[in-house]
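Some notes on the structure that comes next.
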Amino acid sequence: MEDRGTKTDKPQGRKISEKPVRPAEGQRRPVRPAEGQKRPVRPAEGQKRPVRPAEGQKRPVRPAEGQKRPARPAEGQKRPVRPAEGQKRPVRPAEGHNSNDRSPNNKTKKEKTVEWLLKMLGYFLCTILLGVGIITIAYIARMNVVPTKYIVIFAIILLIIIIVFFVLQRWKIPGIVAKALSFIISVLMIIACFYLDYTYKQVQTMLDVDTKIDNVEIYVLKEDPAQELEDARDYTFGILTVQDRKNTDITLEDINDQVGKEVSVAQYDSVINLIQALYDKEVGCIILNSAYIGFVSEDENYKDFENRVRSIGKKEIETVVDKNKQDKDYLKSGEHVFTVYISGVDTRSVANVNSNSDVNIILTVNTDTNQILMISTPRDYYVPLSISDGVRDKLTHAGGYGIDVSKDTLAMLYGVDIDHYVRINFSGFKKIIDELQGITVYSEQSFSWDGYSFSSGYNDLRGEAALAFARCRKTLSGGDRQRGKNQMAVIEAVINKMLSKDMLMNYKDVLNAVSDSMITDMSYDEISDLVKMQLEENKSWEIMKFSVDGYDAMDVTYSIGNMAVYVMKPNEETVEQAREYLKKMYAGEKIHIEAGE
């Protein structure tokens with residue numbers, strides 16, 4: 001009998017102890033590994049067997065050789081969801097960041113808030129820029145000196161800039177640059193608005209001045225006991241019979257009201273006789289227009305008048321300047337030609353107070369030929385005044401009666417309608433020169449005056465020196481004739497300096513000095529039209545200068561009376577030559593003046 005334990009159909013080499021354990025009730029028998037695959041390793045002691053994937057799920061991929069198995073999530077955390085088919089695995093958050101705070105565009109809520117605030121700030125600055133731009137355009141339009149086409153171009157450029165700045169707020173770095181530029185441009189335009197408004201107001205104080213001021217004083221001798229008007233109520237008041245009688249009567253009426261009685265008066269036919277009556281104590285006090293002191297101070301016997309008297313009362317009388325034309329046969333201004341009278345006075349008071357006119361220049365402009373003609377007339381020129389009924393006087397004395405008398409007297413001399421006047425206070429003019437950091441003046445000769453020396457050729461001068469240069473007469477070869485040329489040279493040098501960068505560097509102070517020392521009866525619109533024309537057409541101007549001449553003499557004058565004083569009697573040939581130049585200017589012809597004329 002065969003032994004059962006040795007049957008040949010039993011598996012060879014398998015021990016009885018290796019017989020597989022029969023699976024418990026409800027469990028499946030483990031699947032035999034496929035050909036070439038290894039049997040899964042039995043879990044170590046204490047470890048759990050990996051859970052078989054549910055029906056329809058894939059078995060997790062074994063990490064490749066050299067890679068680590070992903071760490072098991074910590075207690076309480078969920079295993080990250082595997083991305084769907086065709087989607088990429090999300091980027092792992094940086095160290096210290098919480099993946100739960102991320103928005104879909106990978107920015108934190110804080111970053112998004114900061115980005116929104118920056119964008120709103122940019123829009124706000126752009127809105128401010130738009131508002132400031134509108135205000136700036138309004139100020140420029142009010143000035144009425146910039147041509148409309150330039151204002152439109154400025155508005156278009158500004159609008160384009162604002163739109164670009166709005167769009168750039170979408171990006172961080174360009175948005176920051178746009179914010180900075182919006183702020184800078186807004187600040188610059190605010191500063192520009194300040195200067196435009198300041199300029200407009202200051203210019204308005206100089207323009208359209210159509211009044212003149214007479215200061216009528218009540219003088220007593222310096223040693224007189226009267227200290228005020230009431231103390232002189234019983235004095236005899238000396239007055240002029242004819243000259244300045246209207247202002248005298250107004251002052252007398254005011255005196256009577258103040259002292260409560262009609263004061264006693266004595267009349268004299270000339271300023272010299274009136275002053276002499278005070279010196280001789282024929283009268284206790286005199287009523288005299290302060291402008292007339294300039295008349296008598298030219299006489300050696302009365303040049304110390306101001307040192308021998310004092311004022312115990314004053315009446316300021318303001319009247320409207322007479323703008324009536326003198327003669328229908330005068331040369332008339334037209335669309336392209338006009339004439340302005342430039343008067344220079346030397347007084348510490350405001351420019352429209354009546355006083356002697358030391359500078360007398362008529363300036364004719366032709367905008368077609370681009371020429372400017374400056375004709376200088378000596379201060380002592382012996383001519384009939386417009387108020388003297390043919391009696392001759394010094395031209396400078398006309399200023400004592402008002403700027404209108406000076407203007408009308410020159411209109412009579414040259415046969416031309418003078419459209420406007422500009423009056424300059426030379427005592428304040430030196431401040432303009434100082435604010436401009438000095439001027440460069442050409443002198444035709446070397447001379448010294450008032451502690452200053454001037455060489456032939458170009459001289460760099462500050463205010464005080466420039467004033468001495470313009471005032472000097474006695475040490476010049478040519479006297480008052482050469483002084484007129486020097487005065488024109490100073491005015492030309494100031495104009496040239498105002499067109500330089502020094503004007504911009506000290507703009508506000510220069511404008512203050514100009515407004516304090518200059519007035520004109522030209523309207524703002526007339527000035528702005530000229531400036532607008534220059535900006536639009538960029539004209540180049542040719543300035544021609546001519547001085548009339550004469551010869552020295554001694555003669556009586558309308559203002560002083562029967563005492564002969566120094567005058568310059570006109571050289572009629574030079575006066576006629578000036579008239580010919582004016583006729584050519586008004587006819588639209590080019591003029592040429594030889595050097596030395």
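Throughout, numbering of the chain's residues begins at 1 and tracks the sequence. The shown structure was predicted, so the numbers you read here are calculated from the model rather than taken from an experiment.
For the 3.5 Å distance criterion, the side chains of Y581 and T364 fail to qualify, holding no donor opposite an acceptor. A donor and an acceptor atom, one from each side chain of E217 and S290, are nowhere located under 3.5 Å apart. In the model, N486 has a side-chain atom that pairs as donor or acceptor with a side-chain atom of Q482 under 3.5 Å. Checked by atom type, the side-chain pair T377/N360 shows no donor-acceptor distance below 3.5 Å. A donor-acceptor contact closer than 3.5 angstrom is absent between the side chains of Y401 and S406. With hydrogens and angles left out, the side-chain atoms of N512 and Q202 include a donor and acceptor closer than 3.5 Å. For the residue pair Y341/T520, the side-chain donor-acceptor check at 3.5 Å is not satisfied.
Side chain of S376 to main chain of I361: no donor-acceptor pair is present (N/O by atom type, distance under 3.5 Å, no hydrogens or angles). The backbone N or O of I591 lies less than 3.5 Å from a partner atom in the side chain of Q371, making a donor-acceptor pair. Listed for the T396 side chain is a donor-acceptor partner under 3.5 Å among the backbone atoms of S357. For N366 (side chain) and D368 (main-chain N/O), a donor-acceptor pair under 3.5 Å exists by modelled atom type. Judged purely by atom type and a 3.5 angstrom limit, T409 uses its side chain to pair as donor or acceptor with the backbone of S386. For the pair R462 (side chain) and Q437 (backbone), a donor-acceptor distance under 3.5 Å is present. Within the 3.5 Å criterion, the main-chain N or O of I255 finds no donor-acceptor partner in the side chain of Q258. A donor-acceptor pair under 3.5 Å links the side-chain atoms of D434 to the main chain of G463, judged by distance alone. No donor-acceptor pair closer than 3.5 Å links the side chain of Q534 to the backbone N or O of L530. Under the 3.5 Å distance criterion, the side-chain polar atoms of T211 are left unmatched by any main-chain donor or acceptor of V320.
Counting heavy atoms from C-beta on, the side chains of E228 and I312 never come closer than 4.5 Å. Using a 4.5 Å heavy-atom cutoff, the side chains of I342 and I424 are in contact. Residues F546 and Q577 are in side-chain contact: their nearest non-hydrogen atoms beyond the backbone lie under 4.5 Å apart. Between I439 and I433, some side-chain heavy-atom pair lies under the 4.5 Å cut-off. In this structure the side chain of I432 reaches within 4.5 angstrom of the side chain of S517, judged on heavy atoms. Residues L582 and I375 meet the side-chain proximity criterion, which asks for heavy atoms closer than 4.5 Å. In this structure, the side chains of V340 and D419 stay at 4.5 Å or more apart for every pair of heavy atoms. A 4.5 Å side-chain heavy-atom check between L168 and V177 finds every atom pair outside the cut-off.
Around atom NZ of K590, more than 12 heavy atoms belonging to other residues, nucleotides or ligands sit under 6.0 Å away. Few gaps surround NZ on K532; more than 12 heavy atoms of other groups in view lie less than 6.0 Å from it. Counting heavy atoms of neighbouring residues, nucleotides and ligands inside a 6.0 Å radius, atom CD of Q204 exceeds 12 of them. Applying the 6.0 Å contact sphere to NZ of K539 captures more than 12 heavy atoms from other residues, nucleotides or ligands.
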Does the pair N459 and S443 meet the rule for a side-chain hydrogen bond (donor to acceptor under 3.5 Å, both in side chains), with working shown? CA-CA 7 Å; N459 296 262; S443 176; 4.8 Å; no
Begin from the C-alpha positions of N247 and T251 and carry the test side-chain hydrogen bond (donor to acceptor under 3.5 Å, both in side chains) through to its verdict. CA-CA 6 Å; N247 289 329; T251 306; over 6 Å; no
With ring pair (Phe, Tyr, Trp, His ring centres under 6.0 Å) as the criterion, how do Y198 and Y195 come out once you've worked through the C-alpha distance, each side chain's angles and the decisive distance to 0.1 Å? CA-CA 5 Å; Y198 185 81; Y195 277 99; 7.4 Å; no
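Taking CE of M189 as the reference point, atom OG1 of T136 lies at 4.5 Å (rounded to 0.5 Å). R471 CZ to Y452 OH: the interatomic distance, rounded to the nearest 0.5 Å, is 10.5 Å. Note: I527 CD1 to M522 CE = 4.0 Å, rounded to the nearest 0.5 Å. Atom CG of residue D254 and atom CG of residue D249 lie 12.5 Å apart, to the nearest 0.5 angstrom. Separation of atoms CG (L535) and OG (S528) is listed at 11.0 Å; rounding is to 0.5 Å. Note: L385 CG to L413 CG = 11.5 Å, rounded to the nearest 0.5 Å.
Here the closest non-hydrogen pair linking E536 and P147 is CB-CG, 3.8 Å. Between Y586 and F338, the shortest heavy-atom distance links the atoms OH-C, 4.1 Å. For the residue pair G400 and F295, the shortest heavy atom distance occurs at CA-CZ, 4.2 Å. A pairwise comparison of heavy atoms in T440 and A493 identifies O-CB, 3.3 Å as the closest pair.
Just one residue in the list I362, L410, L363 forms a side-chain contact (heavy atoms from CB on, under 4.5 Å) with T339, and that residue is I362.
Salt-bridge formation is detected for the pair D197/R142: a Lys NZ or Arg NE/NH1/NH2 atom is positioned less than 4.0 Å from an Asp or Glu carboxylate oxygen.
With ring centers used as reference points, F447 lies under 6.0 Å from F469. Ring centroid separation for the pair Y200 and Y524 comes in under the 6.0 Å cut-off.
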Can I get a per-line list of side-chain donor-acceptor pairs under 3.5 Å for residues 115-132, giving both atom names and the distance, sequence neighbours left out?
{"residue": "E115", "atom": "OE2", "partner": "K107", "partner atom": "NZ", "Å": "2.8"}
{"residue": "T127", "atom": "OG1", "partner": "Y123", "partner atom": "O", "Å": "2.8"}

